[in-house]
Amino acid sequence: MAIHSSSNQDDSNKRAMPSYFNLPPLDVSNAFPQATPASVFPPCASDYFQFDDLLTPEEQAVRKKVRECMEKEIAPVMTEYWEKAKFPFQCIPKLAALRLAGGTIKGYGCPGLSILGSAVGTAEVARVDASCSTFILVHSSLAMLTIALCGSEAQKQKYLPSLAQFQTIGCWGLTEPDYGSDASALKTTATKVEGGWILDGQKRWIGNSTFADILVIFARNTSTNQINGYIVKKDAPGLTVTKIENKIGLRIVQNGDIVMKKVFIPDEDRLTGVNSFQDTNKVLAVSRVMVAWQPIGISMGIYDICHRYLKERKQFGAPLAAFQINQQKLVQMLSNVQAMFLVGWRLCKLYESGKMTPGHASLAKSWITLRARETAALGRELLGGNGILADFLVAKAFCDIEPIYTYEGTYDINTLVTGREVTGFASFKPVIAQKRSRL
């Protein structure tokens with residue numbers, strides 16, 4: 001029997017492969033002509049209870065402008081970049097033109113939107129692409145808002161105008177490898193030295209961090225043991241940022257690991273309004289409202305895609321929309337969107353009136369993301385085999401909802417925040433952990 005080397009076998013296999021093995025895949029429109037892919041985004045069909053009537057003319061204008069841009073400019077490229085887990089930097093000028101960065105911040109080149117106008121804009125971005133909405137949320141509702149609420153006047157003048165135009169990009173570093181839900185126990189340290197501070201520590205899951213120009217970092221003051229905030233420049237000596245690979249959701253968002261080894265921060269970049277962990281809540285109160293509106297937008301997009309798909313796709317001689325069980329699932333999805341929108345709208349009104357509590361925001365975020373997961377699962381079923389293709393949005397949205405279900409407080413943690421508020425009992429730590437902490 002002749003013995004062949006492995007290299008000879010490999011060469012033989014290569015020669016035996018048919019030439020069509022090297023052909024590029026068919027364009028999805030040619031491979032599956034019976035239904036339109038998400039690159040040609042459908043008109044909005046999910047505002048069944050006509051919630052547009054609840055918006056002011058200015059808020060309606062924001063919605064219209066963002067919707068048109070996302071459908072025309074962003075939808076055609078999102079699947080490609082999601083699949084590659086790359087960020088479409090060429091889209092930043094188009095997103096900048098929407099004037100969403102800075103949201104509710106007044107002055108400094110920011111749009112000064114109402115909380116509802118900013119929320120509706122967030123939803124319209126997420127309707128087409130959740131990653132884009134997360135990119136804007138981290139930049140605007142976390143990094144920019146922290147500077148606006150906790151920064152000095154000089155810091156606002158220096159940083160906000162360029163951030164509002166997306167000329168510079170921001171990220172927000174709170175979460176650490178060992179401290180996610182328990183973020184108040186973070187271990188990154190800030191030590192006072194002449195003329196500034198030395199930061200040592202590590203952050204994880206920080207969106208935008210691989211290309212951000214400024215990083216808003218929270219660290220524990222070694223003198224007071226309290227949490228302080230700092231503005232870190234991307235080229236600071238001792239700072240390294242690496243991309244987290246292999247995510248299944250929000251793949252366009254560039255999440256990173258941040259390592260700081262003796263990073264010097266001048267006194268002028270210490271955020272003087274952050275003197276304890278409680279000061280971060282001023283920012284998180286707004287950002288949690290925005291996060292609650294992301295799954296509203298995602299669910300709207302899922303419904304819109306499924307609504308069109310069921311009318312286009314035929315089986316057994318009839319459109320899928322003509323089958324009773326499909327109509328039941330579609331109407332359940334539509335019901336979810338109506339209820340989610342109403343909860344999100346009410347949350348914004350509570351915020352505007354100064355009545356919103358942490359429990360309100362946590363209940364809205366946890367419940368809305370739960371309903372969004374259900375909506376995505378139903379949409380996945382309705383699209384059959386195409387429900388696992390990112391080309392038809394639902395599979396991509398199915399994955400994108402998962403990190404949103406977790407970040408800005410997991411479903412369970414947000415439930416406990418509301419539970420503490422309505423019962424008066426905090427139940428975040430097991431009894432055994434509380435006993436140990438007293439020892």
Side-chain angles (χ1 to χ4, degrees), residues 81 85-96 100-103 105 108-110 122 125 130-151 155-156 158-177 183 186 188 190 197 199 201-219 229-245 247 250-261 263-266 268-271 274 280 283-284 287 290-291 403 407-408:
Y81 281 89
K86 303 290 186 183
F87 189 87
F89 290 100
Q90 76 276 14
C91 292
I92 289 181
K94 297 169 185 176
L95 297 175
L100 293 177
I105 302 171
Y108 312 101
C110 298
T122 297
V125 175
S131 292
C132 255
S133 70
T134 296
F135 160 69
I136 295 174
L137 187 146
V138 170
H139 172 84
S140 176
S141 297
L142 290 174
M144 290 183 68
L145 196 61
T146 300
I147 295 172
L149 295 179
C150 304
Q155 289 168 338
K156 296 174 192 177
K158 180 178 180 180
Y159 293 110
L160 291 179
S162 63
L163 289 167
Q165 298 296 324
F166 282 111
Q167 294 169 353
T168 52
I169 303 299
C171 73
W172 200 79
L174 178 65
T175 301
E176 298 184 357
L186 64 84
T188 296
W197 301 77
L199 267 57
Q202 190 171 344
K203 301 291 180 180
R204 183 161 171 81
W205 291 114
I206 310 306
N208 303 353
S209 58
T210 61
F211 59 89
D213 299 288
I214 66 165
L215 303 83
V216 175
I217 298 293
F218 296 91
Y230 302 87
I231 298 172
V232 181
K233 311 290 178 45
K234 66 178 181 180
D235 56 354
L239 173 72
T240 59
V241 184
T242 52
K243 179 182 174 182
I244 297 174
E245 300 282 3
K247 295 188 304 171
L250 297 178
R251 286 172 56 79
I252 292 172
V253 177
Q254 305 298 292
N255 293 91
D257 284 304
I258 299 173
V259 177
M260 293 163 286
K261 295 182 178 179
V263 176
F264 176 77
I265 308 299
E268 65 187 42
D269 285 331
R270 152 92 158 90
L271 290 161
V274 182
T280 66
V283 178
L284 292 171
S287 67
M290 296 300 113
V291 170
Y407 69 42
E408 291 264 357

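Computed from heavy atoms alone, side chains included, the values below leave out hydrogens, waters and symmetry copies.
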Is there a side-chain contact between F211 and I169, using heavy atoms and a 4.5 Å cut-off?
yes
Indicate yes or no: at least one non-hydrogen side-chain atom of L100 is less than 4.5 angstrom from one of S140.
no
Look at the aromatic rings of F218 and W172 and report parallel, tilted or perpendicular, splitting at 30° and 60°.
perpendicular
Taking atom NZ of K86 and atom CD of Q254, what is their separation to the nearest 0.5 Å?
7.5 Å
Can you see which heavy atom on A190 is nearest to which on Y230, and at what distance?
CB-OH, 3.1 Å
Inter-residue atom distance K234.NZ - L239.CG, 0.5 Å rounding:
11.5 Å
Is there side-chain contact between F135 and I92, with heavy atoms separated by less than 4.5 Å?
yes
Can you check whether P403's main-chain N or O pairs, donor with acceptor, with K247's side chain at less than 3.5 Å?
no
Would you confirm whether Q155, through its side chain, and R270, through its main-chain N or O, come within 3.5 Å as a donor-acceptor pair?
yes
Heavy-atom pair of closest approach, residues T210 and G256:
CG2-CA, 4.4 Å
Looking only at side-chain N and O atoms, does Y159 offer a donor or acceptor that is under 3.5 Å from a partner on D213?
no
Is any side-chain heavy atom of K203 closer than 4.5 Å to one of L215?
no
Could you report the tightest heavy-atom contact between M144 and L160, atom names first, then the distance?
O-CD2, 3.6 Å
Quick one: do L271 and I231 satisfy side chain to side chain contact (heavy atoms under 4.5 Å, CB included)? Show the steps, please.
CA-CA 7 Å; L271 290 161; I231 298 172; 4.0 Å; yes
Reported CG-to-SG distance for the pair N255 and C171, which is rounded to 0.5 angstrom
10.5 Å
Of all the heavy-atom pairs spanning A101 and F166, show the shortest one and how long it is.
CB-CE1, 3.7 Å
Can you find a heavy atom in the side chain of I214 that is under 4.5 Å from one in the side chain of D269?
no
Hey, does L174 have a side-chain heavy atom less than 4.5 Å from the side chain of L142?
no
Does T188 offer a backbone N or O that forms a donor-acceptor pair with the side chain of E176 under 3.5 Å?
yes
dist F87:CZ -> C132:SG (nearest 0.5 Å) comes out at 6.0 Å
Compare every heavy atom of G170 with every heavy atom of V138, then report the nearest pair and how far apart it is.
CG1-O, 4.2 Å
Less than 4.5 Å apart, side chain to side chain, heavy atoms only: is that true for V232 and I258?
no
I want to check something: taking the side chain as every heavy atom from C-beta on, are L149 and V283 in contact at a cut-off of under 4.5 Å?
yes
Distance, nearest 0.5 Å, that separates OG of S209 from CD1 of I217:
8.5 Å
Any chance you could measure L145, atom CG, to C150, atom SG, to the nearest 0.5 Å?
8.0 Å
Are there over 12 heavy-atom neighbours, none belonging to K261, within less than 6.0 Å of that residue's NZ?
no
So which heavy atom on C110 is nearest to which on G102, and how close?
SG-CA, 4.1 Å
With no hydrogens and no angle check, do the side chains of Y407 and T175 hold a donor and an acceptor under 3.5 Å apart?
no
